[in-house]
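Just follow the structure's listing: the first ligand is 1, and inside any ligand the first atom is 1.
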Amino acid sequence: MSRAMWVIGNWKQHHLPEAAMTCARTIADGVAAASAGAHRVSVGVAPPYLSLAAARTACRPVSDLWLFAQDVGAQDTGAHTGEVGPAMIAHAGCSGSIVGHSERRADYGDTDGLVRRKLHAVLSAGLHAVLCVGERLESRDAGTHESVVLTQLSLALSDLSPELVGPRLIIAYEPVWAIGTGRTATGEQAAAMHRCIRGWLGQTWATAGSDRSILYGGSVKPDNAGALVAAGDIDGFLVGGASLEAPSLLAIVRATATAPVVQAP
Ligand code: PEP
């Protein structure tokens, strides 16, 4: 059995259109060579909305590079000032969106309920979703990290069926204390959480749990990516800071594609 492996760069509020186009082009040019390892790795970037059109010129169907939005509105159209819904991101060339990133949850009012509505909207539109879950440092220290993450997951996925979701739901485990801090979860910590998530999915969705891609995110760099994959049950990465420069993202793709993969059933 093998699950799809992904490396997705989250550019956050970086890269105006010209820089986004240059960076996306360089990644697109290098992606085939970088992802040709022992296993295939799909590669995506999530530019800011403003730069989607520019980055799109380098992305699928022109190359193998996937385009994602960083967030998505829970509705397609209407009186929703500032929102960009699933139909709009699809029109901009996105194959899907990140949903529930911890920065959205902490700073922009994305409650579990709103994350669930956004997730339903993007999946119902036939798009991919990269659902982010992850505990804060207090929960990790208190030993409640698994229950925190499973609660986020069960609230986001409630009323979704494996049939609707298909392979289009990707889960990203991103411990908040590791995002942008330079402090990476150890391979054991990440792998343990991924097994916990997969076990929960298996109970909830039967076989659909075992073929779900679960990415890790939190200060992933070219020099720690390979060891994280080799720790087991990590199907790739959601990468922030280290995705802003094309050579760095490509080096992470290369490390992921060539690392020995251990995928638990
Ligand atoms: C992120 O924001 O999703 C992320 C993982 O950031 P960084 O890689 O910079 O920790």
Strictly by modelled atom types, are Glu146 and Trp200 linked by a side-chain donor-acceptor pair under 3.5 Å?
no

Distance-only side-chain donor-acceptor flag, Tyr216 / Gln189, under 3.5 Å:
no

Nearest to atom 8 (O) of ligand 1, what protein heavy atom do you find, and at what distance?
Gly240 N, 2.8 Å

Can you sort out which atoms of ligand 1 are near Gly218, meaning under 4.0 Å from one of its heavy atoms?
5 (C), 10 (O)

Identify the residue among Val220, Thr256, Ile8 that makes a side chain to side chain contact (heavy atoms under 4.5 Å, CB included) with Leu215.
Ile8

Enumerate the atoms of ligand 1 whose separation from the nearest heavy atom of Ala178 is less than 4.0 angstrom.
10 (O)

How far is atom 5 (C) of ligand 1 from its nearest protein heavy atom, and which residue and atom is that?
Glu174 OE2, 3.1 Å

We want to know whether Arg40 and Ser35 form a side-chain donor-acceptor pair, criterion being a heavy-atom distance below 3.5 angstrom.
no

Asp235: which of Arg198, His39, His194 passes side-chain hydrogen bond (donor to acceptor under 3.5 Å, both in side chains)
Arg198

Provide, to 0.1 Å, the distance between atom 9 (O) of ligand 1 and the closest protein heavy atom, together with that atom's residue and name.
Gly241 N, 2.9 Å

Considering only the protein, which heavy-atom contact is closest to atom 2 (O) of ligand 1, and what is its distance?
Lys12 NZ, 2.5 Å

If you have a sec, work out which protein heavy atom is nearest atom 1 (C) of ligand 1 and how many Å separate them, to one decimal?
His101 NE2, 3.2 Å

Would you call the rings of Trp11 and His15 parallel, tilted or perpendicular, where under 30° means parallel and over 60° means perpendicular?
perpendicular

Does the side chain of Leu153 come within less than 4.5 Å of Leu131's, by heavy atoms?
yes

Checking contacts here: is it the side chain or the backbone of Ala172 that comes within 4.0 Å of ligand 1, counting heavy atoms only? Could be both or neither.
neither

Which ligand 1 atoms does Gly180 reach within 4.0 Å, using its non-hydrogen atoms?
7 (P), 9 (O), 10 (O)

Measuring from the heavy atoms of Ala242, does anything fall under 4.0 Å of ligand 1?
no

